[in-house]
Amino acid sequence: MATRHLYLARHGAADAFGTLTDLGRRQSDLLGARLAGVPIDAVWHSPLPRAEACAHELARHLPEVPVTEAAELIDHVPYVPEPAETPPSWAGFFDGYDAAEAAEGHRLAEALVARFARVPEPDARGARADTHEVLVTHAYPIAWLVRHALDAPPSRWLGLNSANTALTVIEYRTALPPTIVMFNDMSHLPADLRWTGFPDGVRA
C-alpha cells in the first residue's frame with residue numbers, strides 16, 4: 001500500500017515586510033538538517049517570499065531535490081465561520097471579509113486539499129510508490145490540512161497554530177483515513193528559536 005508523506009512546515013521567522021530574518025534562516029537550516037535523513041522527493045513552497053526563502057534554505061540539505069512553487073500554499077483564510085461558530089477571542093477578526101473574499105479563500109483551501117491531501121498518483125504502469133514531500137507554507141493552510149485530516153468541522157482550523165519551522169507530518173493511504181504522525185514539533189530547534197510565530201506569552 002503506497003503512502004504519501006507530507007511534511008508541513010510554517011516558514012521561518014520573518015520581519016514586518018514578510019522577509020525571512022537571520023533567525024528565520026537559522027530555523028530553516030535546522031529544519032533542513034532534520035529532514036536530511038528522509039528520502040524527500042520534492043519541496044513545495046508558497047509564492048510568498050518568506051516561504052520561498054525558507055524552502056531554498058532548508059533544501060541546501062537535500063541535494064538534487066526539486067524546489068517548486070505551489071499557488072495552493074499561499075497564506076489565506078480557508079474558511080470564514082458564521083458568527084455562531086466564531087470563538088469570542090476571534091470576534092472582530094473577520095470584520096471586513098465580504099462574500100467574494102470568503103469564497104475565494106475557501107476555493108484555495110479546497111484546491112490545497114485536492115492537490116496534496118491524497119494518496120500518491122500512479123506511474124505510467126499504474127503502480128503507486130511511496131512519496132515524501134515537504135510543504136513550506138503558513139499557519140492557516142497547515143491548520144486547514146490538519147482539520148481536514150481529522151475530519152473536523154470547517155471552523156475547527158481556528159484552534160490550530162504552528163510555530164515557525166515547526167514540523168507537522170500527515171500520511172495518506174488508500175482506503176484509510178489520514179494519519180497525523182506529529183503536529184507542531186520543534187525538537188530540531190534550540191530553546192531560543194522555538195515558539196516564534198506565537199504570542200510572546202506562549203511558551204512550554
Exercise. Using 30° and 60° as the class limits, which term best fits the ring planes of Tyr7 and His5: parallel, tilted or perpendicular?
Worked result: parallel
Problem set entry | Geometric class of the His45/His56 ring pair [parallel <30°, tilted 30-60°, perpendicular >60°] | tilted
For this session: In plain terms, say whether Arg107 and Glu104 are close enough for a salt bridge, that is, a side-chain N and a carboxylate O under 4.0 Å apart.
Result: yes
Exercise. Are Trp144 and His138 close enough that their ring centres sit under 6.0 Å apart?
Worked result: no
Exercise. Any donor-acceptor pair under 3.5 Å linking the side chain of His106 with the backbone of Pro78?
Worked result: yes
Problem set entry | Any donor-acceptor N/O pair, Thr3 side chain to Glu171 backbone, under 3.5 Å | no
Does [X] share a hydrophobic cluster with [Y], counting links as ILVMFWY side-chain heavy atoms below 4.5 Å and allowing steps through other members?
| X | Y | answer |
| --- | --- | --- |
| Met182 | Ile40 | yes |
| Leu31 | Val169 | yes |
| Trp90 | Val77 | yes |
| Leu30 | Val134 | no |
| Trp157 | Val146 | yes |

Could you check whether any side-chain heavy atom of [X] comes within less than 4.5 Å of a side-chain heavy atom of [Y], counting everything from C-beta outward?
| X | Y | answer |
| --- | --- | --- |
| His76 | Pro141 | yes |
| Phe198 | Asn184 | yes |
| Arg34 | Asp185 | yes |
| Pro81 | Leu158 | yes |
| Arg26 | Leu193 | yes |
| Tyr172 | Pro120 | no |
| Leu135 | Arg115 | no |

For the student: nearest non-hydrogen atoms of [X] and [Y], plus distance:
| X | Y | value |
| --- | --- | --- |
| Asp15 | Thr21 | N-CG2, 3.5 Å |
| Arg4 | Phe116 | NH1-O, 3.4 Å |
| Glu82 | Thr86 | O-OG1, 2.9 Å |
| Ala51 | Val136 | O-CG1, 3.5 Å |
| Gly12 | Leu20 | O-CD1, 3.4 Å |
| Ile142 | Arg10 | CD1-N, 3.4 Å |

Check the surroundings of atom [atom1] in [X]: do more than 12 heavy atoms from other residues, nucleotides or ligands lie under 6.0 Å from it?
| X | atom1 | answer |
| --- | --- | --- |
| Asp98 | CG | yes |
| Asp192 | CG | yes |
| Arg173 | CZ | yes |

What's the spacing between [X] [atom1] and [Y] [atom2] if we round to 0.5 Å?
| X | Y | atom1 | atom2 | answer |
| --- | --- | --- | --- | --- |
| Gln27 | Met186 | CD | CE | 10.0 Å |
| Ile180 | Leu150 | CD1 | CG | 3.5 Å |
| Leu58 | Thr165 | CG | OG1 | 9.5 Å |
| Thr168 | Leu8 | OG1 | CG | 6.0 Å |
| Ser28 | Arg50 | OG | CZ | 12.5 Å |
| Leu6 | His132 | CG | NE2 | 11.0 Å |

Problem set entry | Derivation of the side-chain hydrogen bond (donor to acceptor under 3.5 Å, both in side chains) call for Thr196 and Asn164 | CA-CA 6 Å; Thr196 59; Asn164 293 119; 2.9 Å; yes
